[in-house]
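Please read all numbers here as calculations on a predicted model, not as lab measurements. Chain naming here is simple, since letters A, B, ... match the order of the sequence lines and numbering starts at 1 in each.
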2 protein chains.
Amino acid sequence: MLERLHSWLRQATPAVEWNSVALSTLALLGRRGRLRITDLVAAARITQPGMTSLVARMATAGLVVKEADPADGRATLVSVTPAGHAYLEQIHERRAEVIAGHVRGLSPARLQSLIGALDALETLAAQPITPGAEPR
Amino acid sequence: MLERLHSWLRQATPAVEWNSVALSTLALLGRRGRLRITDLVAAARITQPGMTSLVARMATAGLVVKEADPADGRATLVSVTPAGHAYLEQIHERRAEVIAGHVRGLSPARLQSLIGALDALETLAAQPITPGAEPR
DNA sequence: AGAAACTATATCACAAACTTATATAAGTCA
DNA sequence: TGACTTATATAAGTTTGTGATATAGTTTCT
């Protein structure tokens, strides 16, 4: 059911210079504000050293900044820079464009049903992944 | 809109041993039957040598088989083995399980709207990606 | 307070998966 | 037939990720 939709959505993303883990990490930071590397690791399917190096690369590219956590000397707080936000926005627009082009081709009835389901889809997307998603 | 849904769907996929390009390639083969490497390249965001090695790895793992194309001596036809189909099915079930768990949590009204939109979503997913998806 | 145990991040060496450039073999066409 | 073109393979180098482990800071327990 939603299977094909997923791979379709993936392909609807115009080719970008950052991989999917990087993009969803950046998007997560954009939504939640500053987070520690450990928190980012928990949300992505990558190991801690992998996230450390990803954050370092994104910092070099100017998308994020790392600052010391005043509350915990071991931790590093990562947050999105204005350039990072602009980049996210740009990606968003490019995808929206592609998707809109296809949505426009739907029959009015289908379009209507899709609009009606937006709320449900948003609700779904807002749910954290719980079940067997993260194998212990 | 459909932005977050995408990353949600990605995370709803239980961790697997094959990356997303491999899975969608395998799924494509499952749907379309035997295809040449060049066709697979066109559908995935990967270069030809990358696809050649991916196919080689999947063949080693027993998910696909390569055969000479009787109609074109240069080409190789790739198709899914029974084990490959079983693997696809298994992934499908695992994902369906995770998704179903979440869908069940929706309010009846939202669930209804979602069901109503399935047809539209299927239609969308069946459309080839056209616009600026594949930069020349 | 002080030592032991735990936690957050970093570093290192190695492996996997790509990429670009190029080779090889097979088909196409004037 | 000979000059192109096309389909896949190979090779070398790069990027991105992993596992093991180090380092420094925080807790906990007595």
What contact category does [X] fall into here, base, sugar-phosphate, or nothing, at under 4.0 angstrom with non-hydrogen atoms?
| X | result |
| --- | --- |
| A:I46 | sugar-phosphate |
| B:G50 | base |
| B:T47 | base |

Q. Does any residue of residues 61-72 of chain B have a heavy atom under 4.0 Å from DNA chain D, and if so, which ones, in number order?
A. B:K66

Q: Sort and list the pairs that fulfil salt bridge (Lys or Arg N to Asp or Glu O under 4.0 Å) and have at least one residue in residues 106-121 of chain A, not counting sequence neighbours.
A: A:R110-B:D119, A:D119-B:R110

Q | Segment of DNA chain D, first to last nucleotide, that comes within the 4.0 Å heavy-atom reach of chain B | A | D:dT6 to D:dT10

Q.
Whether the side chain of A:Q48 and the base of C:dA8 hold a donor-acceptor pair under 3.5 Å is what I'd like checked.
A. no

Q | Upstream residue (5' side of DNA chain D) when A:P49 and B:R36 are each assigned their closest nucleotide | A | B:R36

Q. Does a nitrogen or oxygen in the side chain of B:R57 sit under 4.0 Å from OP1 or OP2 of C:dC18?
A. yes

Q. Quick one: is C:dT9 close enough that its OP1 or OP2 comes under 4.0 Å of any side-chain N or O from A:T52?
A. no

**Q.** Length of the line joining B:E17:CD and C:dA16:C1', which is rounded to integer Å
**A.** 15 Å

Is there a side-chain contact between [X] and [Y] in this structure, where contact means two heavy atoms from C-beta onward sitting under 4.5 Å apart?
| X | Y | answer |
| --- | --- | --- |
| A:R34 | A:L29 | no |
| A:V78 | A:M58 | no |
| A:L121 | B:L114 | yes |
| A:L118 | B:S113 | no |

Q. Among all residues two or more places apart in sequence or in another chain, which pass the salt bridge (charged side-chain N to carboxylate O under 4.0 Å, His left out) test with A:R57?
A. none

Q: Could I get the full list of salt bridge (charged side-chain N to carboxylate O under 4.0 Å, His left out) partners for A:E89, not counting sequence neighbours?
A: none

Q: Look up atom CD1 in A:I91 and atom CH2 in A:W18, then write down how far apart they are to the nearest 0.5 Å.
A: 11.0 Å

Q) Going from CG on A:L54 to OG1 on A:T47, what distance comes out if it is rounded to the nearest 0.5 angstrom? A) 10.5 Å

Q) Would a hydrophobic clustering, with Ile, Leu, Val, Met, Phe, Trp and Tyr connected at side-chain separations under 4.5 Å, put B:V80 with B:V65? A) no

Q.
Need the bend value for the helix from C:dA1-D:dT30 to C:dA30-D:dT1: angle between end axes, 5 pairs each end, nearest 10°.
A. 20°

(Q) On DNA chain C, does the nearest nucleotide to B:L54 precede the nearest nucleotide to A:A75 from the 5' side, or the other way round? Give the residue. (A) A:A75

Q | B:T81 side chain to B:G62 backbone, donor-acceptor under 3.5 Å | A | yes

